[in-house]
Peer 1: 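Take this structure, written in structure tokens, and hold onto it; I'll ask about it next.
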Amino acid sequence: MLPLFVITSLLAFASSKPCDTEGSNRELLLSLNKNLLRSLETQDGLPNPSVHLALRLSNSHNLAKESEHLNKLKNNLHNDLQSSLSNSRPVVGLLALYTLALKSSCYDLNTITFTVGEKSETLLTHLKKQMEQEKEHIAFSQRPLTNYYQYSLGVLALCTSGIRVNNHVSNKLIKAVEQEHFKHGDTESVDTYAMAGMALQCVKDSGSHAQNSAELDTALSKVKQKLLASRRPDGHIGNEFSTGLAVQALLAMGTEVAECAASMEAMRTAARNNIYHNPMAISQTLPALHQKSYLTVKSKECLNEDNTLTLEPLDPVVVLPTETKVAVTVEVVTSSEAAEVYSVDVPKGSSLLEALELLKGKHVGFTYEMESSLWGPFLSAVNGEQARQSDRRYWHLSSDGTALSEGVRDFKIEAAQRISIKNKSY
């Protein structure tokens, strides 16, 4: 943790200069851009539309690699979405990100179709249908089929694509803001407020909600107030991984870039300290550092783009095995509050995922299952008990009582600690 006087100096320095991308910051942006481009070569699983979106919103491009990744999205991700739609699985968030990624490449969305039940319909038609299902679920059970983050993404994707968002759909989002329904467990979700802010700002800019403009303005003001109230002394909003979206939302809602100076500098400092090594984290941070937001795709023109971004060969990194072991205690708490405690020694610097694998090999009674996401793998079952999104449950991870802000593959164990894995509702 930085000493207080260092943080104070950083904030004083940040507040005295504009949020520019000139000078020393340009090299940092270029480095992040290259890291994101390089991640295309090493990504496992499905191609990530959020990564594509961030590359397309950057100022420097490698058009050949971006085109290659676009083709992977149109094949691999498209086929996965086709399967989900055919099996009636709710995928509004991924469908929306796919839409934004295509739109950022100025691709004709009317040429993208899915065939479900022998009926072929466009991507935007399916997205509208998904949003209608989400809206009906809110009316029936006061919450979306997925969550309000994905719901907001759906509104944003339709709006930036020039589709008039049904007032009933946007009203559900406005009411959710008013009633403060954006929570993950016991904590307010900065990510969701940010995405809702961008979505509602797009609706406002489109003029499609003129009849209830006062209500819309009130919701936007509340989103801005929530984001600013979540700003920490070091400038981060929520945590290091939610600041990018939060700054995007503030800029989209008309906040002057100078007002974001502390948060911009906080992201730059985190980037220089290699906090943003997960491609998903970079993809949400980079547009904000370019003083852009996802709303930018609405008016994006793919003309005369800088095509100078190249990747230099990397020297092979040799990671020497460490002989230092640290003791890790793992507590598993089920939905019935039953607890089991395990212990295992792991090499210092191991990821939490590696520690769980070692624990699984040592204790016969400990098991876990993983599912994939754009952020990387996450726990779906522990000791045979599921924590499904459909049941509004998830595995909450904490270390020595502090909730983890990184996933099981990214969180590193550097010292002895107690890891809690708890089945919680949201």
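Scope of the values below: all heavy atoms of this structure, side chains included, with no hydrogens, waters or symmetry mates. Start at 1 with the first residue, then count along the sequence.
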Peer 1: Checking side chain to side chain contact (heavy atoms under 4.5 Å, CB included) for the pair Lys422/Ser398: CA distance, chi angles, key distance, verdict?
Peer 2: CA-CA 9 Å; Lys422 188 172 184 178; Ser398 62; over 6 Å; no
Peer 1: Short question: side chain of Gln284, backbone of Gly244 - any donor-acceptor pair under 3.5 Å?
Peer 2: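 Looks like no, no N/O pair under 3.5 Å.
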Peer 1: Tell me the closest heavy-atom pair linking His52 and Ser104, and the distance in Å.
Peer 2: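 For His52 and Ser104, the tightest heavy-atom pair comes out as CD2-OG, 3.9 Å.
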Peer 1: Check the pair His78, Ile112 against side chain to side chain contact (heavy atoms under 4.5 Å, CB included), reporting the backbone distance first and the verdict last.
Peer 2: CA-CA 9 Å; His78 188 97; Ile112 302 294; 3.6 Å; yes
Peer 1: Using every non-hydrogen atom in the two residues, find where Tyr276 and Ala281 come nearest and quote the distance to one decimal.
Peer 2: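 Scanning both residues, the minimum pair turns out to be CD2-CB, 4.0 Å.
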Peer 1: Test your reading of the model: is there a side-chain donor-acceptor pair from Asn87 to the backbone of Arg89, 3.5 Å cut-off?
Peer 2: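 No, Asn87 side chain to Arg89 backbone: no donor-acceptor pair under 3.5 Å.
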Peer 1: Tell me whether Ser58 contacts the main-chain N or O of Ala54 through its side chain, where contact means a donor paired with an acceptor under 3.5 Å.
Peer 2: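 Side chain of Ser58 to backbone of Ala54, a donor-acceptor pair under 3.5 Å: yes, one is there.
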Peer 1: Might you confirm whether atom CD of Gln179 has over 12 heavy atoms from other residues, nucleotides or ligands at distances under 6.0 Å?
Peer 2: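 Counting neighbours around CD of Gln179, more than 12 heavy atoms of other residues, nucleotides or ligands fall under 6.0 Å, so yes.
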Peer 1: When you measure from the side chain of Thr115 to the backbone N and O of Glu118, does any donor-acceptor pair fall under 3.5 Å?
Peer 2: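 No; zero donor-acceptor contacts below 3.5 Å.
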Peer 1: Taking the side chain as everything from C-beta on, heavy atoms only, tell me whether His61 gets closer than 4.5 Å to Leu309.
Peer 2: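 No. Closest side-chain heavy atoms not under 4.5 Å.
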Peer 1: In the structure I gave you, are the side-chain heavy atoms of Glu369 and Gln386 within less than 4.5 Å of one another anywhere?
Peer 2: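 Side-chain contact under 4.5 Å: yes.
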Peer 1: Check Glu41 with Arg38, please: is the shortest side-chain N to carboxylate O separation under 4.0 Å?
Peer 2: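 Looking at Arg38 and Glu41, the cut-off is not met.
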Peer 1: Can you see which heavy atom on Lys224 is nearest to which on Thr255, and at what distance?
Peer 2: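 Here Lys224 and Thr255 meet closest at CE-OG1, 3.4 Å.
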Peer 1: Please say whether more than 12 non-hydrogen atoms of neighbouring residues, nucleotides or ligands are located less than 6.0 Å from NZ in Lys362.
Peer 2: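 Yes, because the 6.0 Å sphere around NZ of Lys362 holds more than 12 heavy atoms from other groups.
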Peer 1: Return yes when atom NE2 of His168 has more than 12 non-hydrogen atoms of other residues, nucleotides or ligands closer than 6.0 Å, and no otherwise.
Peer 2: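 No, because the 6.0 Å sphere around NE2 of His168 holds 12 heavy atoms or fewer from other groups.
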Peer 1: Is the NZ atom of Lys412 crowded by more than 12 outside heavy atoms at less than 6.0 Å?
Peer 2: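 Enclosed: over 12 neighbouring heavy atoms sit under 6.0 Å from NZ of Lys412.
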Peer 1: Ignoring hydrogens and geometry, is there a side-chain-to-backbone donor-acceptor pair from Asn33 to Leu29 under 3.5 Å?
Peer 2: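 It does not hold such a pair.
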Peer 1: Look at the rings of Phe182 and Tyr148 and say which category their plane angle falls in: under 30° parallel, 30 to 60° tilted, over 60° perpendicular.
Peer 2: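 The arrangement is tilted - the two ring planes meet at 30° to 60°.
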Peer 1: Show the nearest heavy-atom pair for residues Asn48 and Met280, with the distance to one decimal.
Peer 2: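 That would be ND2-SD, 3.5 Å.
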Peer 1: Output, in order, the C-alpha distance, side-chain angles, deciding distance and verdict of side chain to side chain donor-acceptor pair (under 3.5 Å) for Gln201 and Asp205.
Peer 2: CA-CA 6 Å; Gln201 186 64 49; Asp205 294 344; 3.0 Å; yes
Peer 1: With heavy-atom distances below 4.5 Å as the criterion, would you say the side chains of Val341 and Arg418 are in contact?
Peer 2: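 They are in side-chain contact.
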Peer 1: For a 4.5 angstrom cut-off between non-hydrogen side-chain atoms, does Leu94 reach Leu374?
Peer 2: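 Side chain of Leu94 against side chain of Leu374, heavy atoms only: contact under 4.5 Å found.
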Peer 1: Are any of the side-chain nitrogens in Arg268 or Glu265 under 4.0 Å away from the carboxylate oxygens of its partner?
Peer 2: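 Glu265 and Arg268: salt-bridged.
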Peer 1: Is the closest basic N to carboxylate O distance between Lys172 and Glu136 below 4.0 Å?
Peer 2: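 Not counted as a salt bridge, because no side-chain N and carboxylate O are separated by less than 4.0 Å.
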Peer 1: Have Thr146 and Glu134 got a donor and an acceptor in their side chains that come within less than 3.5 Å?
Peer 2: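 Looking only at side-chain atoms, Glu134 and Thr146 do form a donor-acceptor pair, the distance falling under 3.5 Å.
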Peer 1: Can you check salt bridge (charged side-chain N to carboxylate O under 4.0 Å, His left out) on Lys128 and Glu121, steps first, answer last?
Peer 2: CA-CA 11 Å; Lys128 285 191 287 186; Glu121 293 178 306; over 6 Å; no
Peer 1: Should Glu259 and Met264 count as side-chain neighbours, where that means a heavy-atom distance under 4.5 Å?
Peer 2: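 No, their side chains stay 4.5 Å or more apart.
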Peer 1: Using a 4.5 Å cut-off on heavy atoms from C-beta on, say whether the side chain of Ser335 contacts that of Arg393.
Peer 2: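 Heavy-atom side-chain distance check passes, below 4.5 Å.
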Peer 1: Are Asn166 and Leu158 packed together at the side-chain level, in the sense that at least one heavy-atom pair is separated by less than 4.5 angstrom?
Peer 2: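 Side chain of Asn166 against side chain of Leu158, heavy atoms only: no contact under 4.5 Å found.
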Peer 1: Would you indicate whether the side-chain heavy atoms of Gln133 and Pro90 approach each other to under 4.5 Å?
Peer 2: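 No - every pair of side-chain heavy atoms lies 4.5 Å or more apart.
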Peer 1: Do any N or O atoms from the side chain of Ser351 and from the backbone of Asp410 form a donor-acceptor pair under 3.5 angstrom?
Peer 2: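 The answer is no, because no donor-acceptor pair under 3.5 Å joins these two groups.
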Peer 1: Between Glu132 and Lys129, does the salt bridge (charged side-chain N to carboxylate O under 4.0 Å, His left out) criterion hold? Intermediate values first, please.
Peer 2: CA-CA 5 Å; Glu132 283 296 316; Lys129 285 184 174 182; over 6 Å; no
Peer 1: Minimum heavy-atom separation for Met198 to Ala249, with atom names?
Peer 2: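 It is CG-CA, 3.7 Å.
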Peer 1: Mind listing the closest non-hydrogen atom pair of Gly384 and Thr367 along with its distance?
Peer 2: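 Looks like N-OG1, 3.6 Å.
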Peer 1: Does the pair Lys175 and Glu178 meet the rule for a salt bridge (charged side-chain N to carboxylate O under 4.0 Å, His left out), with working shown?
Peer 2: CA-CA 5 Å; Lys175 291 295 183 186; Glu178 290 176 356; 3.7 Å; yes
Peer 1: Under the 6.0 Å and 45° cation-pi test, does Lys360 pair with Tyr368?
Peer 2: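 Ring-cation test returns yes.
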